[in-house]
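I have placed the structure first, in the form of structure tokens, so that the comments after it can refer back to it.
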Amino acid sequence: MSTDPAQDAPRRVEVYPDREAVVEFDPDLTFECVDDCTWCCHHGVLLYDRDLIELAARANLAETTTDFRGEKFVTREEKGRDEHVDDDGRACAFLREDGLCSLHLEADWKPTRCSVFPLGVWRESDGLHVDIRESAHEHCEGLNVSDRRVIEHLEAFLPEVLWELENPDSDRAL
Ligand code: SF4
Ligand code: SF4
């Protein structure tokens with residue numbers, strides 16, 4: 001973290017034309033997903049409405065999604081293996097035995113929330129805010145292990161649909 005307060009102040013970054021994000025994380029933050037760390041795939045993934053439409057074209061929603069508190073999530077399922085699972089032996093329905101995402105690999109697509117991680121987004125009156133998720137500080141192994149500065153690649157983390165959502169809050173889990 002920088003010791004310069006001006007460096008740490010939120011800053012507005014244009015991610016797409018006329019689509020700005022208020023960045024609350026250290027602009028020096030770098031990220032590269034680490035092979036074998038599948039921590040963020042052990043959870044039930046929040047699905048926005050647009051994700052549901054996309055997922056319906058690629059998978060059986062009845063078998064792979066579930067309702068929780070009025071929202072849709074990808075199901076967590078018992079994997080019957082020791083690797084790439086949470087403490088309870090479960091993980092995202094699309095997480096393969098080799099630790100790769102079958103949706104990403106075989107259908108060239110993944111839910112919005114999977115793109116956003118390890119960041120989190122929420123809306124305030126001045127726009128879409130983005131920061132590192134609280135849980136990522138503890139569990140994500142990809143923070144500050146490369147020279148890929150997140151602030152220079154925000155379009156890779158923040159699909160444009162986030163600006164169109166009434167409630168883009170990504171900090172909702174199954
Ligand atoms: S859909 Fe794919 S990327 Fe997203 S949590 Fe599941 S396995 Fe991981
Ligand atoms: S927790 Fe971080 S490093 Fe681990 S799989 Fe997820 S994004 Fe990659």
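Because the structure is a prediction, the values reported are computed rather than measured. Indexing begins at 1, ligand by ligand and atom by atom, following the structure's order.
In summary, the atoms of ligand 2 found under 4.0 Å from a heavy atom of E141, numbered by their order in the structure, are 3 (S). Heavy-atom proximity to P111, at under 4.0 Å, picks out these atoms of ligand 1: 1 (S).
The local environment of CZ in R81 is crowded, with over 12 non-hydrogen atoms from other residues, nucleotides or ligands closer than 6.0 Å.
The pair D28-R149 meets the salt-bridge criterion, with a side-chain N (NZ, NE, NH1 or NH2) lying under 4.0 Å from an Asp/Glu carboxylate O. In summary, D51 and R113 do not engage in a salt bridge, as defined by a charged side-chain N under 4.0 Å from a carboxylate O.
For atom 7 (S) of ligand 2, the closest non-hydrogen atom of the protein is F31 CZ, 3.6 Å. Looking only at protein heavy atoms, the nearest one to atom 2 (Fe) of ligand 2 is C140 SG, 2.3 Å. Scanning the protein for heavy atoms near atom 4 (Fe) of ligand 2, the closest one is C37 SG, 2.3 Å.
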| task | Report the C-alpha separation of V13 and V130 in whole Å, then their side-chain angles, then the decisive distance to 0.1 Å, and conclude whether the side chain to side chain contact (heavy atoms under 4.5 Å, CB included) test is met. | result | CA-CA 10 Å; V13 176; V130 56; over 6 Å; no

| message | Please evaluate residues F94 and E106 with respect to the criterion side chain to side chain contact (heavy atoms under 4.5 Å, CB included), reporting the C-alpha separation (whole Å), side-chain torsions for both, the decisive distance (0.1 Å), and the verdict. | response | CA-CA 10 Å; F94 297 108; E106 297 159 22; over 6 Å; no

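Put simply, C33 stays out of reach of atom 2 (Fe) of ligand 2, with no N, O or S atom under 2.8 Å from it.
Applying the salt bridge (Lys or Arg N to Asp or Glu O under 4.0 Å) test to every pair with at least one member in residues 52-61, sequence neighbours left out, gives these pairs: E54-R58.
Contacts of A91 with ligand 1, taken as heavy-atom pairs under 4.0 Å, are absent altogether.
Counting only protein N, O or S atoms closer than 2.8 Å to atom 8 (Fe) of ligand 1 gives 1.
Here the closest non-hydrogen pair linking A136 and I132 is CB-CG2, 3.9 Å.
Just one residue in the list L95, D86, L100 forms a side-chain contact (heavy atoms from CB on, under 4.5 Å) with T38, and that residue is L95.
A distance-only check finds no donor-acceptor pair linking the side chain of D67 to the backbone of K72 [under 3.5 Å].
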